[in-house]
Undergrad: 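Below: one structure in structure tokens.
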Amino acid sequence: MTNPLYDALFAPLKNTARPFLTLPDGEQISAGAFHDMLARHAHALEACGLRAGDRVAVQATKSPQMLALYGAAVARGIVFLPLNTAYTAQELEYFVTDCAAKLLLVDPGQTAPLAPLAEKLGLRVESLGDGGSFEALAAGQPAEIMPIARGDDDLAALLYTSGTTGRSKGAMMSQRNLLSNARTLVDLWRFTSEDVLLHALPIFHTHGLFVACNVVLLARAQMIFLPKFDPDAVFAHLPQATAMMGVPTFYTRLLADPRLSRERAGHMRLLISGSAPLLAETHRQWSARTGHAILERYGMTETNMLTSNPYDGARVPGTVGPPLPDVELRITDPETGAELRQGATGMIEVRGPNVFQGYWQMPDKTATDFRADGFFITGDLGVIDDQGYVSIVGRAKDLIISGGYNVYPKEVELILDTLPGVRESAVIGLPHPDLGEAVVAVLAVEGDGPEIQAIEAALAGQLARYKQPKAYITLRELPRNTMGKVQKAALRQEHAGHFNA
Ligand code: MLC
Ligand code: AMP
């Protein structure tokens, strides 16, 4: 009986004394102890009535228990659905309703406010992590586990991504999608059991969970598992680490810190950046300060990783490198879908074992995002140079990436447009020294316009904090082209220097 993802990532942890996780206070969890935790969590999932194919949603603080729950779900064929801790109750309700989750795990102390939702949806809510009700249930379970048989195409996880319509979609990830990508990355990035990854990313998104944790698990390596990105903790643990993965904001924040030096970072084997564009200038400054060329790669929730600068060979600033060995990547005319010649700019389309199975219960949306020959239309605009390196030059999708988190303007505009005093809104991303891009709302208002504080208060209950605008610009009218379409490009250009002061 096989369960490919469990067998490759988690089974090797069993009964081994090697260290696996190091926590901020220096406490170590061995691979064997972690596997025991995984097994107990798997039995607790069963005890809550979950069976293969059911969905377990998790909105909880990053912890070893949450990672063990991921492994437990994989072992039992239960679909793992991690959620950003920044999501509001309203956003959370959408996700658990949409996928008909059977169990929701939250932090201790968070279960009571969710009782009405649990009642309404027939959803069981338990708490995860130290002192949690789910841990109490797990503690009494055996540390032995019988993984259930799974095939390559069986679902392992569901990750929600927002969309241009404002409605989030659940990207269905199969066992093969996750395992094929992890294998490719371990190989390409040369991860081995000697590696210690400094892990400061959240584990509710592709980058921190599937790229970072799956690679470490497959390579039988170790992680320093930090609750969040904090430069003090990063500098404290850097001497023990061989590798780090981060969003560009990690690298710009570390650069801004006088502690960053060749002595502190020079021993690192590999520093990887992704999820948002790394400025060529940041790349160059890192090289000058530490002697390290950051390795930039490109991916998406729907596809896992797609391209990577090489381990050996030139890591070219401003590019995301060639496609991964098992990924087919082509550039097409965004209108017709016709493939363009090398050197032309167009839509990035991809195909490979890493590309997802479609959007949860959205067959029409899935159909429009794939070509007939199976290529997925990423919505990113790119170009391939004569060395085969891909550069991302823009986005055909109206999307802002702030500190590595995606914000779809439509979702914010739909709420802004309902507020008193706002005639209409255009939400744009403007260059920001810390976040790369920051969310800005341009409002067409009447008279003196509404109080910005009232707008902020109205958004607070409805949207995750990182989606809320960092600045507001009020105008009489939004600029439109002759077709009547709001000219966001003109707004972005006019206000490009907003955060420079
Ligand atoms: C936090 N805030 C943000 C924000 N993160 N606002 C906009 N964008 C963000 N990314 C808010 C906080 O709520 C807070 O609000 C204020 O901004 C300042 O917070 P902070 O203390 O400076 O933020 P911090 O906790 O340090 O977080 C910043 C960060 C974090 C960059 C470390 O956002 C982060 O870890 N980002 C990683 C995202 C990620 O993992 N992406 C991968 C997606 S997968 P206030 O005003 O209340 O104080 C993917 C595929 C791929 O894209 O290719 O990898
Ligand atoms: P997400 O939906 O959160 O997975 O975000 C995926 C998007 O992040 C991609 O479609 C790209 O637009 C962007 N992205 C990821 N990595 C990079 C990168 N290295 N450079 C530029 N954009 C990136």
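None of these values were measured; they are calculated from a predicted model. Only heavy atoms go into these numbers, but all of them, side chains included; no hydrogens, no water, no symmetry mates. When a ligand or atom number is given, it counts from 1 through the structure's own listing order.
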Undergrad: Should the proximity of P202 to ligand 1, defined as any heavy atom under 4.0 Å, be assigned to the side chain, the backbone, both, or neither?
TA: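 The answer is the side chain.
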
Undergrad: Taking distance alone, no hydrogens or angles, what donor-acceptor pairs closer than 3.5 Å link side-chain atoms of residues 390-397 to residues at least two apart or in another chain?
TA:
| from | atom 1 | to | atom 2 | distance (Å) |
| --- | --- | --- | --- | --- |
| R395 | NH1 | L399 | O | 2.9 |
| R395 | NH1 | E437 | OE1 | 3.1 |
| R395 | NH2 | E437 | OE1 | 3.4 |
| K397 | NZ | T378 | O | 2.9 |

Undergrad: Between F10 and Y70 (judged by ring centroids, cut-off 6.0 Å), do the two rings come close enough to count as a pair?
TA: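 Yes, close enough.
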
Undergrad: Which residue owns the protein heavy atom closest to atom 7 (C) of ligand 1, what's the atom, and how far is it?
TA: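 Sorting protein heavy atoms by distance from atom 7 (C) of ligand 1 puts S402 OG, 3.0 Å first.
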
Undergrad: Starting from atom 1 (C) of ligand 1, find the nearest protein heavy-atom neighbour and note its residue, name and distance.
TA: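 For this ligand atom, the closest protein heavy atom is Y466 CB, 4.8 Å.
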
Undergrad: Could you tell me which atoms of ligand 1, counted from 1 in the order shown, lie closer than 4.0 angstrom to a heavy atom of G403?
TA: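 Near G403, the atoms of ligand 1 are 10 (N), 31 (C), 33 (O), 36 (N), 37 (C), 38 (C).
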
Undergrad: Residue by residue, ordered by chain and number, which ones reach under 4.0 Å of ligand 2 with a heavy atom?
TA: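 Near ligand 2, by chain and number: S275, A276, P277, E296, R297, Y298, G299, M300, T301, V320, D380, I392, R395, K397, I401, N406.
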
Undergrad: Give me the residue, atom name and distance of the protein heavy atom closest to atom 21 (O) of ligand 1.
TA: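 Checked against all protein heavy atoms, atom 21 (O) of ligand 1 sits closest to K228 NZ, 4.1 Å.
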
Undergrad: How far is atom 22 (O) of ligand 1 from its nearest protein heavy atom, and which residue and atom name does that atom have?
TA: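 For this ligand atom, the closest protein heavy atom is R253 NH2, 3.1 Å.
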
Undergrad: Hey, do the aromatic rings of F204 and F80 have their centres closer than 6.0 Å?
TA: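 F204 vs F80: aromatic centres not under 6.0 Å.
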
Undergrad: Out of K470, M305, R465, M245, indicate the one that has the non-hydrogen atom closest to atom 13 (O) of ligand 1.
TA: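 Answer by nearest heavy atom: R465.
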
Undergrad: Aromatic ring centroids of Y87 and Y94 under 6.0 Å?
TA: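 Y87 vs Y94: aromatic centres not under 6.0 Å.
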
Undergrad: Could you check atom 54 (O) of ligand 1 against the protein and tell me its nearest heavy-atom contact, residue, atom and distance included?
TA: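 The answer is S275 OG, 2.6 Å.
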
Undergrad: May I ask you to check whether H205 and F210 place their ring centers less than 6.0 Å from one another?
TA: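 Between F210 and H205, which both carry aromatic rings, the centre distance is not below 6.0 Å.
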
Undergrad: Is there a protein heavy atom less than 4.0 Å away from atom 46 (O) of ligand 1?
TA: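 When distances to the protein are checked, atom 46 (O) of ligand 1 has a heavy atom within 4.0 Å.
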
Undergrad: Tell me which protein heavy atom sits closest to atom 41 (N) of ligand 1, plus the residue, atom name and distance to 0.1 Å.
TA: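 Protein heavy atom at minimum distance: G404 O, 3.0 Å.
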
Undergrad: Pull out every atom of ligand 1 sitting under 4.0 Å from any heavy atom of R297, numbered as shown with elements.
TA: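 Counting from 1, the qualifying ligand atoms are 51 (C), 53 (O), 54 (O).
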
Undergrad: Which protein heavy atom lies closest to atom 33 (O) of ligand 1, and at what distance to 0.1 Å?
TA: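 Protein heavy atom with the smallest distance to atom 33 (O) of ligand 1: Y405 CE1, 3.5 Å.
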
Undergrad: Does ligand 1 have a heavy atom under 4.0 Å from the side chain of E437, from its backbone, from both, or from neither?
TA: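 Neither; no heavy atom under 4.0 Å.
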
Undergrad: Considering heavy atoms of the protein only, find what lies nearest to atom 44 (S) of ligand 1 and give residue, atom and distance to 0.1 Å.
TA: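 Closest protein heavy atom to atom 44 (S) of ligand 1: H207 N, 3.6 Å.
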
Undergrad: Step by step, would you call H283 with Y251 a ring pair (Phe, Tyr, Trp, His ring centres under 6.0 Å)?
TA: CA-CA 9 Å; H283 192 287; Y251 294 102; 9.7 Å; no

Undergrad: How about atom 38 (C) of ligand 1: does it have a protein heavy atom within less than 4.0 Å?
TA: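 When distances to the protein are checked, atom 38 (C) of ligand 1 has a heavy atom within 4.0 Å.
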
Undergrad: Taking the non-hydrogen atoms of Q468, is any one of them nearer than 4.0 angstrom to ligand 1?
TA: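 Outside the 4.0 Å threshold, so no.
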
